[in-house]
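First comes the structure, then the notes that go with it.
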Amino acid sequence: MDELAGLAQAAGAEVVLRVLQERPKPDPSTYLGGGKIEMLASACAETNADVVIFDNELTPAQLRHVEKEVGRKIVDRTQLILDIFARRARTREGKLQVELAQLKYLLPRLVGASDALSRLGGGIGTRGPGETKLETDRRRIRTRIHSVSGDIEHVRKRRAQLRSRRHKAEVPTVALVGYTNAGKTTLFNVLTRADAEASNALFVTLDPLVRQVRLPDSRELLMSDTVGFIDRLPHALVAAFRATLEELVDADLVLHVIDASAPDRDRRMNAVRQVLTEVGAMDVPMIEVYNKCDALTPDEKRRLQEQDPSAVRISALTRDGLDELLDTITSRLALDVQRVTLTFDPDRADDRDRIARVYRHGSVIQHETRDGRVSIVADIPRRLVPYLERT
Ligand SMILES: Nc1nc2c(ncn2[C@@H]2O[C@H](COP(=O)(O)OP(=O)(O)OP(=O)(O)O)[C@@H](O)[C@H]2O)c(=O)[nH]1
Ligand SMILES: [Mg+2]
């Protein structure tokens, strides 16, 4: 319920009342029991609530029933999350992805519900693609889904091209993932000296950002920050954000950023792993990074250490543990430096290209030309040695 309240705030609502119902399972047609609905209706009247938000997904029939009985706008968890995403999306790609998810959420809810269209994008902030399209029929939605999917596919291809160009540059990519509010952007900013927006609200970051990280002795990597995850992330959203999430599958290393101070830490970690599985990113090498360790009591710190001795514990806020984190990243990516002697034929174009890359990625100790051969002694990141040696 706390998380739901956080989501409601992120959508611009103020929480005035929380209601729980305990029953083995929801009523298939009315969702809540009869007494509970009456109680909810009068509580809404007393507190002047405009909207009732449910932590679950309601069927169209349940939704209509509750709406009629309570006389308030009803929003379910999925719609709430879609609404936040709609408010936060900035780039064209982000907006397209959210629109696709909203349309897919809407389509099955159109059946027999003449008022359903007015629900399109109608969470709290009402920023969806809807509203202006009240009269849109199902066929037009299908057409729109088709065209948005096409646009997203286009973006996906362009991303793939960018990625392969990056691969050619032989600079490894590290992707930050984690539950929303875990501190990904804060860590990203500290490591890349960027100033992306970080804040104590849910789903602040939607559009992926990639920046360079330069370490001492010319080690170099690209870091990407992206959308956070949440428990029961609407499936339509995961599907729509596939283009964004595919960046993860292609990363050389994933940092799973964990809010170590969250009371429901394990549940959140599992939610992240589930999304990673869904987008096929479980095979990418991963480091679990426990962030916000400054907010732990000494006792909690000790327990964390005992539970997982190999975990990296940091605080992006106080910068504690960042050196250790960088060392771990370095060794996992084989960025540690190795001294090698390489010889090249400067008459060959591919060798001239290799020489340029030795200078770009390594530090050259000695450069000699003898009998038309170039011989270079250099310190080079271990992962690049196979690329730079003559074959
Ligand atoms: N105490 C403490 N707070 C932190 C730390 N790192 C981040 N925070 C706070 O946690 C909140 C969320 O940080 P963000 O960096 O925006 O989190 P995020 O994972 O990018 O979140 P979304 O983009 O919304 O998914 C902010 O209020 C940060 O100041 C930390 O090491 N210690
Ligand atoms: Mg963020």
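In each ligand, atom 1 is the first atom listed, and ligand 1 is the first ligand listed. Bear in mind the structure is a predicted one, so any value in this text is a computation, not a measurement.
- At a 3.5 angstrom cut-off on N or O pairs, L317 counts as close to ligand 1.
- Any N or O atom pair closer than 3.5 Å counts here, and A182 shares at least one such pair with ligand 1.
- Not a single heavy atom of G178 sits under 4.0 Å from any atom of ligand 1.
- Of the polar atoms of G183, at least one N or O is found under 3.5 Å from an N or O of ligand 1, judged by distance alone.
- Of the N and O atoms on the side chains of D27 and S29, at least one donor lies less than 3.5 Å from an acceptor on the other residue.
- Rounding to the nearest 0.5 Å gives a distance of 6.5 Å between CG of L304 and CG of L296.
- Scanning for side chain to side chain donor-acceptor pair (under 3.5 Å) contacts around D2 gives R18, with sequence neighbours left out.
- Looking at every heavy atom in both residues, R88 comes nearest to A10 through NH2-CB, 3.7 Å.
- For NE2 of H367, the number of neighbouring non-hydrogen atoms (other residues, nucleotides, ligands) closer than 6.0 Å is greater than 12.
- Taking every non-hydrogen atom of G228 and a distance limit under 4.0 Å, the qualifying atoms of ligand 1 come out as 25 (O).
- Counting heavy atoms under 4.0 Å from ligand 1, residue D294 touches it through the side chain alone.
- At least one N/O/S atom of T185, whether from backbone or side chain, sits less than 2.8 Å from the Mg ion (ligand 2).
- Only one option out of D55, D83, D231 pairs with R77 in a salt bridge (Lys or Arg N to Asp or Glu O under 4.0 Å); it is D55.
- Heavy-atom proximity to T180, at under 4.0 Å, picks out these atoms of ligand 1: 22 (P), 24 (O), 25 (O).
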Worked verdict on E288 versus R273 for salt bridge (charged side-chain N to carboxylate O under 4.0 Å, His left out) = CA-CA 11 Å; E288 305 208 308; R273 291 188 188 119; 3.0 Å; yes

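- Considering backbone and side-chain atoms together, D225 places no N or O closer than 3.5 Å to any N or O of ligand 1.
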